[in-house]
Number of protein chains: 2
Amino acid sequence: MATTVADILKANNLSITDSRKSILELFKLSKGALAHADIEKKSSAQFDRVTIYRTLQTFVDKGIIHTIPTADNSVLYALCKDDCSAGHHHDNHVHFICDSCDTTYCLDHVTIPSVNLPEGFTQKQTDVVVSGVCKNCE
Amino acid sequence: MATTVADILKANNLSITDSRKSILELFKLSKGALAHADIEKKSSAQFDRVTIYRTLQTFVDKGIIHTIPTADNSVLYALCKDDCSAGHHHDNHVHFICDSCDTTYCLDHVTIPSVNLPEGFTQKQTDVVVSGVCKNCE
DNA sequence: AGTAATGTGCAACAAAGTTGCAAATTATTT
DNA sequence: AAATAATTTGCAACTTTGTTGCACATTACT
């Protein structure tokens, strides 16, 4: 069965509202990650800036989307895979940012390599951000 | 010979000014990385906000410091190692952010693991940010 | 010491993000 | 299905963060 955006909201105990449905739909349609600014542009006519902020924050809290660290200080958001939204949240996958077209990809099938930390350091989460040229731009 | 901050500035064809010396000194004294806000707090009485922005930008351009991507959308700056400032800039090392004390470490001796990208993707730079508990906080 | 080049501070602005509160929408109860 | 309770939204006002132009000051050069 194809999970609709409404299903996802329901599964996370969230009220089903227009803004949440639209913004979630945006993520489903987008291949890569979205910046807050992207979302604002694509729906600012419809929704208030503040609503978008709060919606994104809610989605992050519920584990529906996750943030991606970038070198240029912009926050990116991307949809978590199905097994995330089901409960055990894990966004330990590699992100790829194309220098040419600026698209951010979640490379879900690339496993995070293990990192050998010095004595006394405990690892909880690892973010790997690779930049370069994507398959569409080379 | 111990390289002074003035030496570093000279080596990069930068005028030696009070603000640059002080800010560079801050980095030398700090073990971890610094956020812009940190620098502003520790020297805002002395220097204008704008000067700090411009100084940091200059240092990044010259390869004296580098930026670190973080998940919470704050930019961190850290001193590059000596061989960076000598010319061939490389900040491909692992960064560690302590969840407890919020200090960011540059783990220069931990090598970046190689990542197997899908067909058609070309890798240029890799940033690895690990979060967890550092050796002072456990 | 004097001139050219560079850097700094101020002001004004733009962008990004936050908070409180009343109105509107969604969910729940009867 | 209507009424109430619980959420959510939009507005306004504000804070923080970052940028730009320009006059003045400082540093470097001869």
Side-chain angles (χ1 to χ4, degrees), chain A residues 4-27 33-62 64-77 102 104, chain B residues 4-27 33-62 64-77 102 104:
Chain A
T4 65
V5 289
D7 290 337
I8 297 174
L9 294 175
K10 236 177 260 175
N12 286 281
N13 279 319
L14 294 172
S15 306
I16 297 167
T17 66
D18 290 344
S19 55
R20 285 179 182 160
K21 277 190 289 184
S22 294
I23 293 175
L24 201 45
E25 203 71 61
L26 268 183
F27 278 106
L34 295 173
H36 177 98
D38 295 332
I39 298 162
E40 222 174 287
K41 270 176 217 150
K42 294 185 185 174
S43 65
S44 86
Q46 306 176 53
F47 309 114
D48 192 79
R49 235 160 45 84
V50 179
T51 301
I52 299 173
Y53 278 110
R54 289 196 271 227
T55 302
L56 290 173
Q57 189 55 56
T58 304
F59 286 176
V60 171
D61 290 345
K62 291 289 184 178
I64 300 172
I65 60 176
H66 61 270
T67 59
I68 305 170
T70 64
D72 70 330
N73 194 33
S74 64
V75 201
L76 291 175
Y77 299 89
D102 274 333
T104 298
Chain B
T4 65
V5 289
D7 291 337
I8 297 175
L9 294 174
K10 237 177 260 175
N12 286 281
N13 279 318
L14 294 171
S15 306
I16 297 167
T17 66
D18 290 343
S19 54
R20 285 180 182 159
K21 277 190 288 184
S22 295
I23 293 175
L24 201 44
E25 203 71 61
L26 268 183
F27 277 106
L34 295 173
H36 177 98
D38 296 330
I39 299 161
E40 222 174 287
K41 270 176 217 149
K42 293 184 185 172
S43 65
S44 86
Q46 306 176 53
F47 309 114
D48 192 79
R49 236 159 43 84
V50 179
T51 300
I52 299 173
Y53 277 110
R54 289 196 269 227
T55 302
L56 289 173
Q57 190 55 57
T58 304
F59 287 176
V60 171
D61 290 345
K62 291 290 184 179
I64 300 172
I65 60 177
H66 63 270
T67 59
I68 304 169
T70 64
D72 71 330
N73 196 31
S74 63
V75 201
L76 292 175
Y77 298 90
D102 274 333
T104 298

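Within every chain, numbering begins at 1; the chains are lettered A, B, ... in the order of the sequence lines, protein sequences first and strands thereafter.
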Note to self: Suppose we call two aromatic rings close when their centres sit under 6.0 Å apart. Are A:His36 and A:Tyr77 close by that rule?
What the structure shows: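 Here the rings of A:Tyr77 and A:His36 have centres that are no less than 6.0 Å from each other.
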
Could you give the [atom1]-to-[atom2] distance, from [X] to [N], as a whole number of Å?
X: B:Leu14; N: C:dG7; atom1: CG; atom2: P; result: 7 Å
X: B:Arg54; N: C:dG9; atom1: CZ; atom2: P; result: 9 Å
X: B:Asn12; N: C:dT6; atom1: CG; atom2: P; result: 15 Å
X: A:Lys21; N: C:dA27; atom1: NZ; atom2: C1'; result: 14 Å
X: A:Asp48; N: C:dA23; atom1: CG; atom2: P; result: 17 Å
X: B:Ile52; N: C:dG9; atom1: CD1; atom2: C1'; result: 12 Å
X: A:Gln57; N: C:dG17; atom1: CD; atom2: P; result: 11 Å
X: B:Tyr53; N: C:dG7; atom1: OH; atom2: C1'; result: 18 Å

Note to self: Regarding C:dG9, can its base be found pairing with the side chain of B:Arg49 as donor and acceptor, where the two atoms are less than 3.5 Å apart?
What the structure shows: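 Between C:dG9 and B:Arg49, which were checked side chain against base, a qualifying N/O pair under 3.5 Å is absent.
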
Next item on the list: Please tell me which of the listed nucleotides, D:dT8, C:dT8, C:dG17, lies nearest to the side chain of A:Thr17?
Entry: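 Given the options D:dT8, C:dT8, C:dG17, the side chain of A:Thr17 is closest to D:dT8.
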
Checklist line | Closest listed nucleotide, where the reference is the side chain of B:Val50 and the choices are C:dA11, C:dT6, D:dC11 | finding: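 Per side-chain heavy atoms of B:Val50, the pick is C:dA11.
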
Note to self: Once you apply a heavy-atom cut-off of 4.0 Å, does B:Thr58 come out as touching a base, just sugar-phosphate, or nothing?
What the structure shows: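 Answer is nothing: B:Thr58 stays at 4.0 Å or more from every strand.
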
Margin query: Can a side-chain donor-acceptor contact be found between A:Asp7 and A:Thr4 if the only test is distance below 3.5 angstrom?
Written below: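 Side chains of A:Thr4 and A:Asp7: pair found under 3.5 Å.
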
Next item on the list: Report the residue (B:Asp18 or B:Ala37) whose heavy-atom-nearest nucleotide on DNA chain D is the more 5′ of the two.
Entry: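 Comparing both residues, the 5'-ward one is B:Ala37.
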
Notebook entry, point to check: Looking at NZ of A:Lys42 and CD1 of A:Ile52, how far apart are the two atoms once the value is rounded to the nearest 0.5 Å?
Noted result: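 With rounding to 0.5 Å, NZ (A:Lys42) is 12.0 Å from CD1 (A:Ile52).
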
Checklist line | Atom pair CG/CG of B:Leu9 and B:Leu24 - distance to nearest 0.5 Å | finding: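 The CG atom of B:Leu24 is 5.5 Å from CG of B:Leu9, to the nearest 0.5 Å.
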
Notebook entry, point to check: Which comes earlier along DNA chain C counting from the 5' end, the contact point of A:Ser15 or that of A:His36, where each point is its nearest nucleotide?
Noted result: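 Counting from the 5' end, the first nearest nucleotide belongs to A:His36.
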
Margin query: How close do B:Ser19 and B:Thr55 get, counting heavy atoms only, and between which atoms?
Written below: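 Closest heavy-atom pair between B:Ser19 and B:Thr55: OG-OG1, 4.3 Å.
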
Next item on the list: Verify, without hydrogens or angle tests, whether A:Asp48 (side chain) and A:Val50 (backbone) share a donor-acceptor contact under 3.5 angstrom.
Entry: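 Yes.
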
Next item on the list: Side-chain contact test, heavy atoms from C-beta onward, threshold under 4.5 Å: evaluate it for A:Phe47 versus A:Ile39 and give yes or no.
Entry: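 Counting from C-beta outward, A:Phe47 and A:Ile39 never come under 4.5 Å.
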
Checklist line | Angle by which the axis turns from one end of the helix from C:dA1-D:dT30 to C:dT30-D:dA1 to the other, five pairs per end, to 10 degrees | finding: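 One end's axis against the other's: 40°.
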
